[in-house]
Visitor: 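Right, I'll just put the structure down here and ask away after.
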Amino acid sequence: MTTLKDIPIGSSARVLRVRGEGALQRRILDMGITKGCLVKVRKAAPLGDPIEIKVRGYQLSLRKADAALIEVQ
């Protein structure tokens, strides 16, 4: 299982599933990260957390803990 946290900078992946439950899963889905959408990892903070991704035409910063809940292909 590959997660968004494991994708190298500059690479793209397609979302397979958003794990988690309750408010955290809902927040990720509300940000536009849904099954089937394409995400690109743009850059990471100097210490590696958070990461910046591009999804549905806008940039979004995610903590690595949240990125680990997003399964990608």
Side-chain angles (χ1 to χ4, degrees):
M1 169 186 69
T2 304
T3 64
L4 187 56
K5 175 183 108 171
D6 304 321
I7 301 298
I9 294 171
S11 299
S12 297
R14 190 158 304 276
V15 176
L16 296 177
R17 183 174 95 140
V18 177
R19 292 184 293 137
E21 41 185 72
L24 178 59
Q25 183 185 34
R26 184 82 233 148
R27 184 174 62 102
I28 293 171
L29 293 171
D30 287 344
M31 288 188 280
I33 304 171
T34 58
K35 182 179 177 180
C37 75
L38 189 66
V39 295
K40 179 177 182 177
V41 179
R42 293 184 29 106
K43 58 185 173 181
L47 296 176
D49 197 15
I51 60 172
E52 183 180 301
I53 63 170
K54 184 172 183 175
V55 60
R56 299 184 188 271
Y58 67 94
Q59 282 77 7
L60 176 66
S61 291
L62 280 179
R63 295 179 301 184
K64 283 212 170 184
D66 294 342
L69 297 174
I70 302 167
E71 292 179 18
V72 296
Q73 178 181 18

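Given the structure is predicted, the values throughout are model-derived calculations rather than measurements.
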Visitor: Going only through I, L, V, M, F, W and Y residues with side-chain contacts under 4.5 Å, is there a path from L24 to V55?
Guide: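 Yes, it is one cluster - the side chains of L24 and V55 are joined through contacts under 4.5 Å.
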Visitor: With rounding to the nearest 0.5 angstrom, report the NZ to CG distance, K64 to L4.
Guide: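 Reported to 0.5 Å precision, the distance equals 10.0 Å.
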Visitor: Mind listing the side-chain donor-acceptor pairs of residues 27-38 below 3.5 Å, one per line with the distance, residues two or more places apart or on another chain?
Guide:
residue: R27; atom: NH2; partner: D66; partner atom: OD2; Å: 2.8
residue: D30; atom: OD1; partner: R26; partner atom: NE; Å: 3.3
residue: D30; atom: OD1; partner: R26; partner atom: NH2; Å: 3.1
residue: T34; atom: OG1; partner: R56; partner atom: NH2; Å: 2.5

Visitor: Which distance, rounded to the nearest 0.5 Å, do you find between the NZ of K5 and the CD1 of I51?
Guide: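 One finds 10.0 Å between NZ of K5 and CD1 of I51.
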Visitor: Within the 4.5 Å heavy-atom criterion, are I70 and V39 side-chain neighbours or not?
Guide: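 In short, these two side chains do not touch, never coming nearer than 4.5 Å.
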Visitor: To the nearest 0.5 Å, how far apart are NZ in K40 and CD in Q59?
Guide: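 Those atoms lie 10.0 Å apart.
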Visitor: Strictly distance-based, threshold 3.5 Å: is any side-chain N or O of R19 a donor or acceptor partner for the main-chain N or O of A68?
Guide: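 Checked: pair present.
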Visitor: Restricting to non-hydrogen atoms, name the atom on P8 and the atom on V41 that form the minimum distance, rounded to 0.1 Å.
Guide: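 P8 and V41 have their closest heavy atoms at O-CB, 3.8 Å.
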Visitor: What is the distance from atom CD1 of I7 to atom CD1 of I9, rounded to the nearest 0.5 Å?
Guide: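 Rounded to the nearest 0.5 Å, the CD1-CD1 separation comes out at 12.0 Å.
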Visitor: Kindly write out the residues that satisfy side-chain hydrogen bond (donor to acceptor under 3.5 Å, both in side chains) with Q25, not counting sequence neighbours, or none if the list is empty.
Guide: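 For Q25, no residue satisfies side-chain hydrogen bond (donor to acceptor under 3.5 Å, both in side chains) once neighbours in sequence are set aside.
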Visitor: Measuring from atom CZ of R17 to atom OG1 of T3, what distance do you get when rounded to the nearest 0.5 angstrom?
Guide: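 Reported to 0.5 Å precision, the distance equals 12.0 Å.
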Visitor: At what distance, to the nearest 0.5 angstrom, does CZ of R14 lie from CD of Q73?
Guide: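 So the gap between those two atoms works out to 8.5 Å.
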